[in-house]
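Letters A, B, ... are given to chains in the order of the sequence lines, protein chains preceding strands, and every chain is numbered from 1.
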There are 2 protein chains.
Amino acid sequence: MPRLSTEKRKEQIAIAILEIIGNEGLENLSMPALAKRLDIVPSALYRHFSSKEEMISAGLDLLKLKIMDVFDRHEADSDDALEPLKRFLDLHRQFFHITTVFPRIAFSLADNETFDLRRQRMQKFHDSVLGRISATLEKGRRNGQLRKNLDTSAAALSFWGILVSSTLRWFITGGDFDVEAYKKEAWDMFVRAVSK
Amino acid sequence: MPRLSTEKRKEQIAIAILEIIGNEGLENLSMPALAKRLDIVPSALYRHFSSKEEMISAGLDLLKLKIMDVFDRHEADSDDALEPLKRFLDLHRQFFHITTVFPRIAFSLADNETFDLRRQRMQKFHDSVLGRISATLEKGRRNGQLRKNLDTSAAALSFWGILVSSTLRWFITGGDFDVEAYKKEAWDMFVRAVSK
DNA sequence: ACCTGAACACCGTTCAAGT
DNA sequence: ACCTGAACACCGTTCAAGT
């Protein structure tokens, strides 16, 4: 009944996709469930996207925007190269339910042609995030704050791993896990590992 | 046509479940696909298990056995507390396709009653593995090899995170990622982070 | 005791028809 | 231009019937 413009619907769909995947997982993302949330009928979704896959892609694009925005808003402004990473880790709480979407989709990838589009989009996304983290670390490596022989891209993946492993544990314990306390310890370990 | 005993079928099903989830993901695990692999009809599966969920559980039980076996066979025998962990990391290659199953299932969990059984089984599994890693680290902490103030359970999760983040990157790049090189760097960082 | 085949509810997608 | 409703192939599961 609502009859919205394609533009608005597409955005609505992308938002709803992220919410459903974040809270209930890919397995529970069904066209009927998605349509119900927008108060339309499942087949109406196909007016705006050609497939479920395309809708997931739209969700990923939105997610990337959101995460990059966090980086942009908290650009390095001090001499400390680790400062922006620390801040990103702290902010993680705010977009935790969003972060869960990323590994959920990544770990559903198969070595299969059907998933190749999804995989490529994930890779671009991941490359952007890791690139951002690497760049920050590289700065610290050059100004002597971090080890000269530090492999900054490996370190960037390790840093991202803090978020992934805390999310994994959070899922497995059904929420009964002190994510903030773990991140604090993991951050201390990370600093020790990369510092001079 | 084959007509095997329930005992043998159950084992066959558990093995096939791990193979399918590991290679093609949970999304591609269908009863028709599973049945075809065993050369029976989908409904025949329900003679041996009451649901798809139960079949996944059986797969998880088998996976736990396999991973614990690796720990058992490479029990600490030197004074170096990090030695068994290093060896586990090296062996990871051998059971890589198995390891992928764990995060795949973990990141499909939802905050949903239907998934509670799966979640609990994952948690027991994860607790066992982390417990094993923690115990090793604890030994090193007591004999003075590692930092006195090391939070061994956080460190154990970080260690497990090396496997998870390398698997994540492997998936995202479609296999175009040097897992062994990354693990080497990540291990160096880990040693630096936990050592005295 | 194990397996097959028909049946049912559900999901992704298409298409003709409504406003 | 956007949405609905019927239709189809596919999946998880049940159940009666086969050997």
Nearest to side-chain heavy atoms of A/Ala44, which nucleotide of D/dC3, D/dC2, C/dC2: D/dC3
Between NZ on residue A/Lys64 and NZ on residue A/Lys124, distance to nearest 0.5 Å: 7.0 Å
Electrostatic pair B/Arg169-B/Asp178, nearest N-O below 4.0 angstrom: no
Whole-Å gap separating P (D/dC11) and CD1 (B/Ile20): 12 Å
Value in whole Å for how far the C1' atom of D/dG18 lies from CD1 of B/Ile40: 16 Å
Electrostatic pair A/Glu180:A/Lys183 at N-O distance under 4.0 angstrom: yes
Sugar-phosphate, base or nothing in reach of A/Leu45, heavy atoms under 4.0 Å: nothing
A/Arg73/A/Asp69 ion pair, N-O < 4.0 Å: yes
Length of the CZ-P vector between A/Arg47 and D/dC2, whole Å: 6 Å
Value in whole Å for how far the C1' atom of D/dC2 lies from CD1 of A/Ile13: 12 Å
Phosphate OP1/OP2 of D/dA1: any A/Arg9 side-chain N/O under 4.0 Å: no
NZ/NE/NH1/NH2 to OD/OE distance under 4.0 Å, A/Lys86 and A/Glu83: no
Cationic N near anionic O, under 4.0 Å, B/Arg104 to A/Glu27: no
Rounded distance in Å - CG (A/Asp39) to P (D/dT4): 8 Å
Parallel, tilted or perpendicular, as decided by the 30° and 60° cut-offs, for the rings of A/Phe71 and A/Phe88: parallel
Lys/Arg-Asp/Glu bridge criterion (N-O < 4.0 Å) met for A/Arg147, A/Glu138: no
d(CZ, A/Arg3; P, D/dC2) in whole Å: 8 Å
Gap between atoms NZ and C1', on B/Lys36 and C/dT4 respectively (whole Å): 17 Å
Base-pairing string, 5' to 3', of DNA chain D - Watson-Crick or wobble, under 3.5 Å, | interstrand: ||.|||||...|||||.||
Salt bridge flag under 4.0 Å for residues A/Arg192 and A/Glu185: no
Length of the line joining B/His48:NE2 and C/dA1:P, which is rounded to integer Å: 13 Å
Pairs under 3.5 Å (N/O, protein and nucleotides 12-14 of chain D):
| unit_1 | atom_1 | unit_2 | atom_2 | d |
| --- | --- | --- | --- | --- |
| D/dG12 | OP1 | B/Leu29 | O | 3.4 |
| D/dG12 | OP1 | B/Lys52 | NZ | 3.0 |
| D/dG12 | OP2 | B/Met31 | N | 2.5 |
| D/dT13 | OP2 | B/Tyr46 | OH | 2.5 |
| D/dT13 | OP2 | B/Lys52 | N | 2.9 |
| D/dT13 | O5' | B/Tyr46 | OH | 3.3 |

